[in-house]
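Here is the structure we will look at.
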Amino acid sequence: MDTKKVRVRFAPSPTGGLHLGGVRTVLYNYLFAKKHGGEFVLRIEDTDQSRFVEGAEEYIMKCLEWCGIEPDESPLKGGPFAPYRQSERKANYAQYAQQLINDGKAYYAFDTPEELEVMREKYKMEGHSAQYDNRTRAFMRNSLTLTADEVNTLLAANTPYVIRIKMPVGETLLFTDMIRGAVSFDTSLVDDKVLLKADGMPTYHLAVVVDDYLMKITHAFRGEEWLPSAPVHLLLWRYLGWENDMPEWAHLPLILKPDGNGKLSKRDGDRLGFPVFAMDWIDPRTNEQTTGFRERGFLPEAFVNMLALLGWNPGVEQELFSMEEMAALFSMDRVHKGGAKFDYEKAKWFNHQYIQKTDNVQLAELIKPQLADKNIIATDQKLIQVIALVKERCHLLNEFWEQSYFFFVTPQTIDTAAIQAKWSDTAKSFFQSLQTNFIASADWSHDNIETIFNNTIIDAGIKKGEAMLPFRIMLVGGKFGPGVFAIAELIGKEETIKRLQNALASL
RNA sequence: GGCGCGUUGGUCAAGCGGUUAAGACGCCUCCCUUUCACGGAGGAAUGACGGGUUCGAUUCCCGUACGUGCUACCA
C-alpha cells in the first residue's frame, strides 16, 4: 500500500462556474501529489447528461491553468487510463453493477418516479424516514419482492429499471479519514442508493468507485458533503472485491459564507460584492455572467495562496508561499476539521502583498489591457514608472486606473472647495509666480521642480503647508495620489502648467 | 425527523495535560508622510455549556446546546 505511487484526482462535474471550494479541493489534491512525487489526474464526471453545460469542461481546465495547476492526465492531455470523461466510459460500469446483482449485493428496481414519490409522501406523513432502505424496499417493485419469473418478464419487455445497492442490516462500518480520524456508520440507516440509472449511466456512487479503482487512485479527497455517502462507497469497494486497493479518504471542510453560517454560494458573492468563481463564467443557457477572481483583478499566485491557507495551516509563521513551498510543506493532518468562513478583506490583503512582490514590468503587461479599454496610449516606460508610484495602494489590479488616471488624462473635475478653504490673494499670486517660474525652467526633474516650488514659496511669503495641498489638487483633482513632485515630473512640464492654468481659471 | 460532521478573539488560526492562550486579517490609538496609501510602534478582543478523568484541563472521555452537511435515477 505504502509503496504504491501516489495518484489523486479532481473529479468535477461540468455544470457551471468553478467555485472557490472546488479550486481549493483541486489545490489540496495537487499539493498532496507534488509533495509525494505522485500524479494528479483530472477526471470529468459527466454522468448526468441532463445537467451538461456547454463549455463548462473547457472553462474548468482554463481555471486550473490560470491557477498554475497542470494535471498529469486529463481529457485534453490523455494518459494511460483514458478516456477521462465518464460519459465516454459508460460501457465500463454496467458489468460491475451486474456483478453485484449476481452476488446478491444489489438488485433491480422497477419503481417509476411517480411510485417513488408516493412512497416518500406516505412515509413522510407517517413520520418515518422517506428513504428507499432496508425496510421500505420490501414494499416496492424490485427483484427482491418480485419472483424470478416476474423479473425476467419485466426485463424481457424492456421495462425501465435501476440497479440499487442492497445495504446490509445492522452492520457498523468504520473507516479512517485522514482529517477526521475514525468515522463510523450504521448500515441500517443508509438507504439503497441507485448505482445504475435507467439510462444505463452510473450514478456518482458507482462511477467514483469503479473509476478510482481502474485509475489506481491512492488518495481520494472531496468535500465534507460527501461524508454521508462514504458507507455506500466503502461497501462497494468491498463487494467488488477491491477493498485492499481502496484509497485513503479525506473529507475537506466546507468554505462558509462570511456572514451567518452555511456553505458559501455564488449568491452570497453577488449579495456581498465579491467573486466566488475562479474566472468569469457566462452561463450559455441564460447568458448570465458571473465575475471571477481573475477578472476582479486577482493575481493567481495570491488567489491560490489565500485559498490554501483557508483550512490548512502549514505550521510556520510564514504566510506567503509559492506553489513549490506549499507543496513541500503540505500535509493532510494539518487541515482543519471545521469549515472556514471566507474573508474577502484577507483575500485582498494577500493580493496586495503579491502586487508588491510582482515586478513592475510584469504588472505592466497585466495592466495594459485596462488602458487599451480606455483608449489610452502610453509608452511602456511611462506605464512602468506609474506602476512604481501607485502599486502600493492597489489591492486589486483593477484598482490601478482609479489610482493613476491623472497620469494619463487631465482630471475633468477638481475639488475646488478644498482649495478654497486655504485660498487667499497671497496664494493666488504664489501660483501665478509658480507658473511663470515653471515656464522659465529648463530642468524638469523631480528635485528641480521642488526647488522651484520652494523658492517661489519664499518669494511669495506663503507657508509651504498652505501651498502643497492646493498644488496637489490642481494636478490630480483631489486629496490623493503619490508624491506631488513625482506626479508633476511624470506628467511633464507642459501638462503641469496647463493644469495650473485651468485650475486658476476656475477659482 | 433521522444520520454524519464540527465548535479557540469579528475572521483565518497556533497549541497537542502545567503557556502571560502565538501569529495574521480587520478594528482603534500614536508615529512617519505638508494628501491618501504604504510602513513602524502600541491597544482592545478568544477555548459554547455541564459533568467526569487528573495534583492540574483549551488540550482526554461522556452528555447537552448550537451550527452545518446529507437524506434524488445531482454531483
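Throughout, a chain's letter reflects where its sequence line sits, starting with A, and its residues are numbered from 1.
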### Summary
By nearest-heavy-atom nucleotide on RNA chain B, the more 5' of A:Pro258 and A:Lys263 is A:Pro258
### A:Asn351 side chain to A:Leu299 backbone, donor-acceptor under 3.5 Å
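Yes; judged by distance alone, with no hydrogens or angles, the pair exists.
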### Query
So what does A:Arg222 touch, heavy atoms closer than 4.0 Å: a base, only the sugar-phosphate, or nothing?
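Nothing: the residue A:Arg222, judged by heavy atoms under 4.0 Å, touches no strand.
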### Query
Taking side chain as C-beta onward, heavy atoms only, is A:Gln353 less than 4.5 Å from A:Phe350?
no
Please report the distance, rounded to the nearest Å, between [atom1] in [X] and [atom2] in [N].
{"X": "A:Glu392", "N": "B:rA37", "atom1": "CD", "atom2": "P", "answer": "11 Å"}
{"X": "A:Phe221", "N": "B:rA75", "atom1": "CZ", "atom2": "C1'", "answer": "19 Å"}
{"X": "A:Asp333", "N": "B:rA14", "atom1": "CG", "atom2": "P", "answer": "12 Å"}
{"X": "A:Leu256", "N": "B:rU11", "atom1": "CG", "atom2": "C1'", "answer": "12 Å"}
{"X": "A:Met306", "N": "B:rU11", "atom1": "CE", "atom2": "P", "answer": "18 Å"}

May I ask you to say whether [X] pairs ionically with [Y], meaning some side-chain N is under 4.0 Å from a carboxylate O?
{"X": "A:Asp415", "Y": "A:Lys479", "answer": "no"}
{"X": "A:Arg43", "Y": "A:Glu45", "answer": "yes"}
{"X": "A:Arg137", "Y": "A:Asp192", "answer": "yes"}

Does [N] have a Watson-Crick or wobble partner in any strand here, with both distances under 3.5 angstrom, and which is it?
{"N": "B:rU59", "answer": "none"}
{"N": "B:rU64", "answer": "B:rA48"}
{"N": "B:rC3", "answer": "B:rG69"}

#### Entry: Geometric cation-pi criterion A:Lys105 and A:Tyr239, 6.0 Å radius, 45° cone
yes
### Query
Between residues 471-484 of chain A and RNA chain B, which residues have a heavy-atom gap below 4.0 Å?
A:Arg472, A:Lys479, A:Phe480, A:Gly481, A:Pro482, A:Gly483
### Task
Would you mind calling B:rG47 syn or anti? Take O4'-C1'-N9-C4 for purines or O4'-C1'-N1-C2 for pyrimidines, and syn is within 90° of 0.
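The base of B:rG47 is oriented syn (glycosidic angle within 90° of 0).
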### Query
So, do A:Tyr28 and A:Trp312 have ring centers that fall under 6.0 Å from each other?
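Ring-ring flag for A:Tyr28/A:Trp312: false, centres at least 6.0 Å apart.
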